[in-house]
Amino acid sequence: MMDRFKLSKTKRRLLLAIAAAACLASCSGINYYAQAAHGQLSLLADARPVDDWLADASTDAKLRERLASARQIRRFAVEHLGLPDNASYRNYAALKRPYVLWNVVAAPELSLVPREWCFPVAGCVNYRGYYAKQGALDFARELRAGGDDVQVGGVPAYSTLGWFNDPLISTFIHYPDAELARLIFHELSHQVVYAPGDSQFNESFASAVEEAGVERWLAAHGNDAMRAKYAAFSVRKADFIGLLLKIRRALEQNYASAAPVEQKRAAKARLFQQLTNEYQELKRNWGGYAGYDRFFAEPLSNAHLASVATYNDFVPAFRALRAREGGFPGLYAAVRELAGLSQEERHRRLHQIGGTTAPPKARAAPQQ
């Protein structure tokens, strides 16, 4: 278990950051930071070293097997991918909820540009996270009352960017091995390079590392059944993202048109119905796989599609950069250099590397 000195030091670091932010925050802002601090500290306090869980005779056999797999994946991340060798993902926390937190994403009624909220360290991001679902639902209700499209989605894992020792969590520990590796590689990548306020850069980089990392991990530790299962997972993921991007492009064209507002609203409704219908067709092609059903748990809105490009836009550029640099160490060095540039120049270079054309510059919708 985390010793008292480390936990106390962690508390001080977090509370100092919160205090600095609260000096400029409204009462609602202070409440938000308070729930974030409590949630993070509770998560850390609940975590115990993986070795302790494995040595405990009362640990469930299935959990023991999953923790052993996670330990092996964590070691692989350091030895073969050059990811940080620290205490992250070496502890495990068993939570009594399905997700570690819930994110709220919002966008205007006739726009796919997400609202942004700005925080210490992380910079400006297009979501707000809550450790209690009710807090997320309450905030979502406020945003909807102001006219925004809103989505509340459960999150199984997140990164504190190396500020704290992120634990393995019950919310994702039972993923299949390749998917568990994907998640760990992705979250550790955020500790390698992080450009505050540039989610498109950060998430695309982490997605590229997870993609290449899982490919290498499967080659070393997978078997034919695991590789086939992950290949099917990857095909479904690509199919689903492709569908979302297609509808997103159609919505962007609709919102940018000179059509009257009511006509835009009608076209928006038709496109979201098309998304629902085509998803059902995908499910049939997948043999009934329902892993993306929770995306449709709330009425579809712009908020569902506001961030879909964030995780994918620059992945081709990072693939090309890794190939050019000859592997992970060279990739990390090049990406650190990119992170030191202005966002405009960083994106310009990534479009150049990836052979893509930069879209028209869009401004983030301000927070409400």
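Just the heavy atoms: all of them, side chains too, but no hydrogens, waters or symmetry mates, feed the values below.
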Q: Answer yes when Arg182 and Glu211 have at least one side-chain N-carboxylate O distance shorter than 4.0 Å, and no when they do not.
A: no

Q: Would you sort out whether His221 and Asp177 count as a side chain to side chain donor-acceptor pair (under 3.5 Å), showing the intermediate values?
A: CA-CA 10 Å; His221 296 284; Asp177 281 359; over 6 Å; no

Q.
Could you check whether Tyr131 and His38 have their ring centres less than 6.0 Å apart?
A. no

Q. Checking Arg64 against Trp53: charged group under 6.0 Å from the ring centre and within 45 degrees of the axis?
A. no

Q. Around Glu215, counting heavy atoms of other residues, nucleotides and ligands shown, do more than 12 lie under 6.0 Å from its CD?
A. no

Q. So, do Leu112 and Tyr255 sit near enough that their side-chain heavy atoms are less than 4.5 Å apart?
A. yes

Q) Can Asn86 and Gln191 be counted as having a side-chain donor-acceptor contact under 3.5 angstrom? A) yes

(Q) Salt bridge or not between Asp239 and Lys283? Use side-chain N to carboxylate O under 4.0 Å. (A) no

**Q.** Val105 and Val152: CA distance, side-chain angles, deciding distance, side-chain contact (heavy atoms from CB on, under 4.5 Å) verdict
**A.** CA-CA 7 Å; Val105 178; Val152 177; over 6 Å; no

(Q) Are there over 12 heavy-atom neighbours, none belonging to Glu337, within less than 6.0 Å of that residue's CD? (A) no

Q.
I want to know whether His351 and Phe314 have ring centres closer than 6.0 Å.
A. yes

**Q.** Within 6.0 Å of OH in Tyr127, more than 12 heavy atoms from elsewhere
**A.** no

Q: Flag yes if more than 12 heavy atoms outside Lys133 fall under 6.0 Å of its NZ atom; otherwise flag no.
A: no

Q.
Name the residue from Ser111, Ser301, Pro114 that meets the side chain to side chain contact (heavy atoms under 4.5 Å, CB included) definition with Asp149.
A. Ser301

(Q) Before we go on, tell me: are the rings of Phe295 and Tyr292 under 6.0 Å apart, centre to centre? (A) no

Q.
Side chains of Glu187 and Tyr89, heavy atoms from C-beta outward: is any pair under 4.5 Å?
A. yes

Q: Given side chain to side chain donor-acceptor pair (under 3.5 Å), test Asp166 with Thr160 step by step and report yes or no.
A: CA-CA 7 Å; Asp166 299 323; Thr160 60; 2.7 Å; yes

Q. Looking at Arg227 and Asp224, does any basic side-chain N land under 4.0 Å from a carboxylate oxygen?
A. yes

Q. Any chance the rings of Phe296 and Tyr279 have centres within less than 6.0 Å?
A. yes

**Q.** Candidate pair Gln343 and Phe201, rule side-chain contact (heavy atoms from CB on, under 4.5 Å), full reasoning
**A.** CA-CA 9 Å; Gln343 181 168 316; Phe201 170 81; over 6 Å; no

Q. Is Glu344 paired with Arg348 through a side-chain N to carboxylate O contact shorter than 4.0 Å?
A. no

Q.
Is there a side chain to side chain donor-acceptor pair (under 3.5 Å) between Asn31 and Gln35? Walk through the geometry before answering.
A. CA-CA 6 Å; Asn31 290 338; Gln35 69 86 29; over 6 Å; no

Q: Verify side chain to side chain donor-acceptor pair (under 3.5 Å) between Glu116 and Asn126, making sure each step is shown before the conclusion.
A: CA-CA 4 Å; Glu116 283 191 344; Asn126 52 22; over 6 Å; no

Q: Assess whether atom NZ of Lys264 is packed by more than 12 heavy atoms of other residues, nucleotides or ligands within 6.0 Å.
A: yes

Q.
Working note: Arg322 + Phe318, criterion side-chain contact (heavy atoms from CB on, under 4.5 Å); need CA distance, chi angles, decisive distance, verdict.
A. CA-CA 6 Å; Arg322 177 173 166 265; Phe318 288 117; over 6 Å; no

Q) With a 4.0 Å cut-off, would you call Glu298 and Arg144 a salt bridge? A) yes

Q. Do Asn91 and Leu168 have side chains that get closer than 4.5 Å, going by heavy atoms?
A. no

(Q) Check this for me: does any side-chain nitrogen of one of Arg265 and Glu262 sit under 4.0 Å from a carboxylate oxygen of the other? (A) yes

Q. Ring centroid separation for Phe272 and His304, is it under 6.0 angstrom?
A. no

Q.
Taking the ring of Tyr32 and the ring of Tyr130, is the distance between their centroids below 6.0 Å?
A. yes

Q.
Check for me whether Arg128 meets the cation-pi criterion with Phe139, that is, NZ or CZ under 6.0 Å from the six-membered ring centre and within 45 degrees of the ring axis.
A. yes

Q. Have Glu281 and Asn277 got a donor and an acceptor in their side chains that come within less than 3.5 Å?
A. no

